[in-house]
A.B. asks: 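Just passing along the structure, written as structure tokens.
Throughout, a chain's letter reflects where its sequence line sits, starting with A, and its residues are numbered from 1. Note that these values count all heavy atoms, side chains included, but never hydrogens, waters or copies made by symmetry.
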Amino acid sequence: MSDLPENLKYAKTHEWALLEDDNTVRVGITDFAQQELGDLVYIELPEPGRKVAAGEQCAVVESVKTASDLFSPVAGEIVAVNTALTDEPEQVNDNAYQAWIFCVKADDLSDLDSLMDAEAYGQLIEQ
Amino acid sequence: MTTLNQTPLYNLHLELGARMVPFAGYQMPVHYRKGTLHEHRHCRNYAGFFDISHMGQYLILGDSAASELEKLTPSDITGLAPYQQRYTVLTNDNGGIIDDIVATRLTSGLMVIVNAACKDKDFEHFKVHLTDRCHFKELNDQALFALQGPAAIAVIQKFSTTAAGLSFMHACEAEIHDVKCTISRSGYTGEDGFEISVASEQAERLARLLLAQETVEAVGLGARDSLRLEAGLCLYGHELDETITPVEAGLRWLVKKGHTTFPGAGRILAQLRQGTEKSRVGLLVESKIPVREGCIITNETGDAIGHVTSGGFSPSLGRPIAMAMLHNPAPDAGSILYARVRDHQVPVTLTELPFIPHRYKR
């Protein structure tokens with residue numbers, strides 16, 4: 001099992017979240033998630049400017065075999081998307097913690113409190 | 001929870017870093033360390049080794065074996081020369097497909113390979129419908145491998161000149177380093193290649209020998225599916241099921257001329273004369289968005305005209321592809337249609353199958 005970055009928060013739906021300046025939360029999928037999915041061939045990014053609720057489906061990652069929904073870990077507005085993934089979705093397979101998918105400007109940072117830390121997420125994926 | 005079966009290569013799969021998934025009651029490798037895309041390309045360029053031991057292997061023995069099996073299929077089984085093979089289907093009384101199978105004529109009768117998920121119902125079907133003019137048994141202690149791709153012939157050549165001399169859909173008894181096996185020039189990737197039936201106790205030894213060859217890498221079920229999709233081949237439960245006839249599935253070529261006594265012959269022969277209500281087609285997706293099984297296909301005016309039966313990413317073409325069942329009259333090849341994916345209308349071009357030309361050694 002690969003080491004889970006301690007500076008990230010984790011959702012039970014296998015997104016990671018990184019709080020940055022100005023209440024912006026950067027979001028990607030975990031290494032566990034990319035391993036489960038296998039080779040990614042398409043990522044459907046959200047529209048910048050879109051308002052999302054915490055837990056709202058807002059992106060899709062598709063592997064050779066299956067399509068899987070991504071959920072925003074916090075409520076807010078989509079302020080950036082990683083358009084490099086449109087042509088190179090395999091970046092997520094290569095480094096899931098570098099290849100972010102979208103950034104949300106959070107309405108309320110307390111949404112992050114319901115996410116897991118590395119230790120709790122580690123226990124979840126061990127099961 | 002039912003326990004999953006393991007093939008004789010279970011430990012070898014783990015050693016090779018396989019990601020194991022439940023499939024048709026077995027724990028099977030979906031891919032190995034380098035992933036499905038790599039395995040797919042390796043098979044198209046070199047040689048892929050597939051463990052397909054989950055598939056059912058039956059013997060139907062006795063002088064009447066061929067005529068008995070021919071009564072259950074639309075195909076010419078009695079006309080098979082010794083060690084010749086045929087792809088065919090078991091049909092029900094409505095002309096639907098119970099399973100797609102490969103029958104090989106042996107000196108003593110027939111060997112029949114069936115889909116893993118259909119093993120039990122096929123067994124019942126044979127038990128009910130084969131008469132005592134033959135007897136049949138399942139080969140439980142037999143593994144099955146496929147070696148597929150342009151480099152497969154050079155690998156087989158090293159071990160068996162007899163097997164290397166086979167043409168497509170022919171088989172022989174052979175020995176590879178003292179391991180007795182039945183080898184056929186066949187497979188389900190569209191590539192030239194071989195399928196090897198071997199006793200379970202010798203399976204791992206033979207697998208290691210083949211995998212030790214420089215051009216050979218293990219390939220999992222993920223790439224097995226994308227390879228067969230590119231080759232435009234039917235998969236049971238997707239393009240084929242108990243409601244789809246072989247004519248609708250685009251398999252009219254397997255109906256033997258003059259054969260009128262198989263289950264569902266009335267409907268199937270009528271379809272050969274009059275056409276069908278639906279037919280299987282290929283779709284090239286004009287977008288990066290994969291179009292998957294179940295997607296509704298619409299025409300330019302928005303009418304639903306069919307649905308996707310298999311869809312995914314084609315590693316060889318670098319774009320998504322799909323097969324669909326469309327209502328007749330289906331539009332001509334080259335027509336633009338649309339697949340409904342989430343809130344998108346994804347444009348697709350109707351195309352001839354296969355997507356990638358077959359490279360069988362005939």
A.B. asks: Checking H344(B) against chain A: side chain, backbone, both or neither under 4.5 Å from a heavy atom?
C.D. replies: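 Side chain of H344(B) only, per the 4.5 Å heavy-atom cut-off to chain A.
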A.B. asks: Measure from the ring center of F50(B) to the ring center of F145(B) and say whether it is less than 6.0 Å.
C.D. replies: no
A.B. asks: Quick check on the interface: out of R292(B), E293(B), K288(B), H31(B), who has the most heavy-atom pairs with chain A under 4.5 Å?
C.D. replies: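 Result: the option with the highest number of such pairs is R292(B).
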A.B. asks: In terms of heavy-atom proximity below 4.5 Å to chain B, should T86(A) be classed as side chain, backbone, both, or neither?
C.D. replies: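 Contact with chain B: backbone and side chain both.
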A.B. asks: For E36(A), is it the side chain, the backbone, both or neither that has a heavy atom under 4.5 Å from a heavy atom of chain B?
C.D. replies: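 Interface part for E36(A): both.
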A.B. asks: Does the W100(A) side chain pair with the main chain of I29(A), one donor and one acceptor, at a distance under 3.5 Å?
C.D. replies: no
A.B. asks: Hey, is the main chain of M55(B) close enough, under 3.5 Å, to the side chain of N115(B) for a donor-acceptor pair?
C.D. replies: no
A.B. asks: Hey, which of D39(A), D87(A), V64(A) has the most heavy atom pairs under 4.5 Å with chain B?
C.D. replies: D39(A)
A.B. asks: With heavy-atom distances below 4.5 Å as the criterion, would you say the side chains of V74(A) and L112(A) are in contact?
C.D. replies: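 Yes; the side chains approach each other to less than 4.5 Å.
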A.B. asks: Is any side-chain heavy atom of T30(A) less than 4.5 Å from a side-chain heavy atom of Y121(A)?
C.D. replies: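 They are in contact (side-chain heavy atoms under 4.5 Å apart), so the answer is yes.
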